[in-house]
Novice: 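This is the structure, below, for whatever I ask next.
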Amino acid sequence: MSEKWWKEAVVYQIYPRSFCDSNGDGIGDIQGIISKLDYLKQLGINVIWLSPVYKSPNEDNGYDISDYYSVNEELGTLEEMKNLFYEAKIRGIKIIMDLVINHVSNQHEWFIKGQNVDSEYHDYFIWRKGKDGGKRPPNNWTSFFTGSAWEKNDLNSKYFLHLFSNTMPDLNFHNPKVIAEVKAIMKFWLDMGISGFRCDVINVIFKSSLKDGKKRIALTGQEYYVSQYGCHKILKELKRDVTANYDCFLVGETVLVNTDMANDLCADNRQELDMVFGFEHMETEQISNKWFKLKFQPEKLFRVITKWQTEVDWNANYLENHDQPRSVSRFGDDKNFRELSAKMLCTMLLTLRGTPYIFEGQEIGMTNGDFLDIEEMKDLESHNVYNLAKELHFPKKLRWSLIKKTSRDNARTPMQWSKNANASFTTGKPWLQINKNFENINVEQNLNDKDSVLNFYKELISIRKNTETLLFGTFKRLNSPKNVFIFERKLKGEKYLTICNFSNKKIKIKFKLNWNIIISNYKRTDLKEVNFLEPYESILIKINKS
Ligand code: GLC
Ligand code: CA
């Protein structure tokens, strides 16, 4: 088969701090990951995406890197990383790492030195004089983490650009030295044996101008930095000079992209990225004016997924990651139908066309964090949003409802390994509170229950791996009753149907009796006398030629 190996992969994302703590300091670490490789192997995944493990002051949990060539002490050492690569390799698991190059931490040597205007590192960053004799920022751009995208530097009195936190200055990709540094970093890790990168906010690295942007509610300035020509040029250069020489792949995290822009980055002839994470399907909820409540709209989700499936050849499919709430709490029902709806979401995710990504804990149906107050949250972005709302005099209840369901900490609570103390995540005090539901929702329980969410994932992963049509077949959405998503995968005359009921109601439906059930979350074995889909029911069917 000439298809690339990463198209057959099932990727598992590890957020290292929250995965498994080996030394009792309350923070997940590399030894902890190594100790769970056998668990991942039995699950059947074959690629791990490791969120950042580099040296970092952890303002943004490692996405603020202060040295790309060393490992955060809290997480381990370079030797331990090498050991992780080795142990993963002998289990047939490849590893991709996060490549965060839009910005560095203000603790990075480049920035510390670069504050001096005479330093060779000064031009690694984007500096401008402020307006009105330095009183106001150079332009009106706003940051992804709220507020102005500029921060005045005490040492040189100029402003530097930061699209994210003011502790994370953006790198200047007009400077060829910066591009050379990035190439060296990539080679360093690829030579050590990794199989690619997840490229953080990669489509915003190149700023084509620093003019005032069109005023918007959020992200003013975006027309000058989202997917600019210069960005495409740099990605081509990285591919040509670096990744083309390795057996690896690049998945880009791409903000504000539509399907055309995604194709511009990852269609086969582009030579830039291999696939991208879009956000459109993560923005399908309706925001009600009252208390900013989010309302899930299944049909909108189906439409967006269908659009991406049909317009982009190879997608990076995901329902969760470290920046998004838990899918079972968001698109399913984490109270009355938790296991059923988690399995239903699994059925959809693993039968779509593209590479599936599973976020740690998703495979046991972990739910949103059970925080009661902002003080219990650690995420920088959540605090920024909360504080902004406070400045705007939003009442406390409104501020809380603004972040409770959307906070990035919802998915960052520690992995629930067992019903024992601290969910066996740590013997110490966890860095972020563990969800109190760990006594019922944990890996140990899932391993012992043959009908668990985990065992369902395991089975579907194996079905997917062994079914060419599910890997490479075409995608087509079929007509369906309201709140039901039905799609067909087809290859060389072989057909599969995925049917997912996204509601808590029974829904009338008609089946043909000679269809074969491949997997059903209600454990159906045949379609005789089935006239209804049960709440959150999912069925994967193989259609026999008649
Ligand atoms: C990406 C990461 C997110 C981080 C941001 C800045 O969106 O996924 O966690 O805060 O980039 O690096
Ligand atoms: Ca630790």
Side-chain angles (χ1 to χ4, degrees), residues 13-36 49-54 56-66 68 71-77 80 84 96-106 108 143-146 149 161-171 197-205 219 225-226 251-257 276-279 282 316 318 320-325 357 359 378-385 406-412 414-415 422 424-432:
Q13 181 192 352
I14 291 182
Y15 195 65
R17 295 179 79 71
S18 301
F19 193 60
C20 179
D21 174 24
S22 71
N23 63 353
D25 65 355
I27 299 168
D29 46 50
I30 295 161
Q31 285 301 346
I33 299 173
I34 295 174
S35 73
K36 297 296 181 186
W49 151 26
L50 259 193
S51 274
V53 294
Y54 313 96
S56 160
N58 275 325
E59 290 276 340
D60 192 19
N61 289 352
Y63 282 89
D64 48 323
I65 297 172
S66 55
Y68 290 90
V71 174
N72 185 339
E73 277 168 27
E74 284 176 346
L75 305 180
T77 63
E80 286 172 326
L84 169 63
I96 66 170
M97 286 173 75
D98 233 291
L99 182 71
V100 189
I101 55 172
N102 177 68
H103 42 263
V104 294
S105 155
N106 61 4
H108 195 293
S143 126
F144 281 79
F145 287 177
T146 73
L161 180 73
H162 62 87
L163 288 187
F164 293 86
S165 158
N166 59 2
T167 57
M168 290 146 68
D170 280 32
L171 287 168
F197 293 100
R198 175 268 191 185
C199 310
D200 190 66
V201 295
I202 194 69
N203 65 327
V204 305
I205 58 172
L219 303 181
Y225 61 74
V226 171
V251 48
E253 185 207 25
T254 48
V255 291
L256 301 168
V257 291
V276 301
F277 292 121
F279 281 88
M282 288 285 143
Y318 73 99
E320 286 182 25
N321 62 36
H322 64 292
D323 294 330
Q324 300 289 340
Y357 289 74
F359 181 64
K378 300 268 191 281
D379 174 33
L380 173 73
E381 185 201 43
S382 308
H383 280 271
N384 284 357
V385 171
T406 54
S407 168
R408 306 193 299 179
D409 277 349
N410 276 312
R412 296 178 180 183
M415 184 73 182
N422 291 319
S424 301
F425 160 73
T426 179
T427 54
K429 185 177 178 310
W431 72 277
L432 181 66

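All values derive from a computational prediction rather than experimental measurement. Reckoned from all heavy atoms, side chains included, excluding hydrogens, waters and symmetry mates. Remember, it's 1-based here, ligands and their atoms both numbered in the order they're listed.
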Novice: Within Q31, is some N, O or S atom less than 3.0 Å away from the Ca ion (ligand 2)?
Specialist: no
Novice: Under 30°, 30 to 60°, or over 60°: which ring-plane class applies to H108 and Y68, parallel, tilted or perpendicular?
Specialist: tilted
Novice: In ligand 1, which numbered atoms sit nearer than 4.0 Å to a non-hydrogen atom of H103?
Specialist: 6 (C), 12 (O)
Novice: State, with a plain yes or no, whether a side-chain heavy atom of Y318 is found less than 4.5 Å away from one of M282.
Specialist: yes
Novice: Please work out whether the ring planes of F277 and Y357 are parallel, tilted or perpendicular, with thresholds of 30° and 60°.
Specialist: perpendicular
Novice: Under 4.0 Å from a heavy atom of V201: give me the atoms of ligand 1 that qualify, with their elements.
Specialist: 1 (C), 7 (O), 11 (O)
Novice: Write out the residue and atom name of the closest protein heavy atom to atom 4 (C) of ligand 1, then the distance separating them to 0.1 Å.
Specialist: D60 OD2, 3.3 Å
Novice: Counting non-hydrogen protein atoms only, what is the nearest one to atom 11 (O) of ligand 1? Give residue, atom name and distance.
Specialist: D200 OD1, 2.9 Å
Novice: Verify, without hydrogens or angle tests, whether D21 (side chain) and N23 (backbone) share a donor-acceptor contact under 3.5 angstrom.
Specialist: yes
Novice: Kindly confirm whether the Ca ion (ligand 2) is within less than 3.0 Å of some N/O/S atom in E74?
Specialist: no
Novice: If you have a sec, work out which protein heavy atom is nearest atom 7 (O) of ligand 1 and how many Å separate them, to one decimal?
Specialist: E253 OE2, 2.8 Å
Novice: I'd like to know if the side chain of S56 pairs up with that of Y63 as donor and acceptor (distance under 3.5 Å, no hydrogens or angles considered).
Specialist: no
Novice: How about K378 and N61: do any of their side-chain heavy atoms sit closer than 4.5 Å?
Specialist: no
Novice: Provide the atom name of the closest N, O or S atom of D21 relative to the Ca ion (ligand 2).
Specialist: OD1
Novice: For the Ca ion (ligand 2), find the closest N/O/S atom on D25 and give its atom name.
Specialist: OD1
Novice: Near R198, which atoms of ligand 1 are under 4.0 Å from a heavy atom of that residue?
Specialist: 2 (C), 8 (O)
Novice: Could you check whether any side-chain heavy atom of E253 comes within less than 4.5 Å of a side-chain heavy atom of F279, counting everything from C-beta outward?
Specialist: yes
Novice: Can you label the angle between the Y15 ring and the H322 ring as parallel, tilted or perpendicular, going by 30° and 60°?
Specialist: parallel
Novice: How close does the nearest protein non-hydrogen atom get to atom 9 (O) of ligand 1, and which residue and atom is it?
Specialist: D323 OD1, 2.8 Å
Novice: May I ask you to list the atoms of ligand 1 that are less than 4.0 angstrom from any heavy atom of R412?
Specialist: 9 (O)
Novice: Specify side chain, backbone, both or neither for F145, according to which of its non-hydrogen atoms lie closer than 4.0 Å to ligand 1.
Specialist: side chain
Novice: Between the side chain of T426 and the main-chain N/O of K429, is any donor-acceptor distance below 3.5 Å?
Specialist: no
Novice: Tell me, which N, O or S atom in D29 is closest to the Ca ion (ligand 2)?
Specialist: OD2
Novice: So, 4.0 Å and heavy atoms of Q324: is ligand 1 close enough to count as a contact?
Specialist: no
Novice: For a distance under 3.0 Å, tell me if I27 has an N/O/S atom near the Ca ion (ligand 2).
Specialist: yes
Novice: So is E59 in contact with ligand 1, going by heavy-atom distances below 4.0 Å?
Specialist: no
Novice: Contact between E381 and ligand 1, counting heavy atoms under 4.0 Å?
Specialist: no
Novice: Compare all side-chain heavy atoms of S143 with those of S165 and state whether any distance is below 4.5 angstrom.
Specialist: no
Novice: Considering only heavy atoms of R408, which atoms of ligand 1 have at least one such atom less than 4.0 Å away?
Specialist: 3 (C), 4 (C), 9 (O), 10 (O)
Novice: When you compare the side chains of S66 and S105, does any donor N or O come within less than 3.5 Å of an acceptor on the partner?
Specialist: no
Novice: Please confirm whether the backbone N or O of V201 pairs with a side-chain atom of N102, one donor and one acceptor, at under 3.5 Å?
Specialist: no
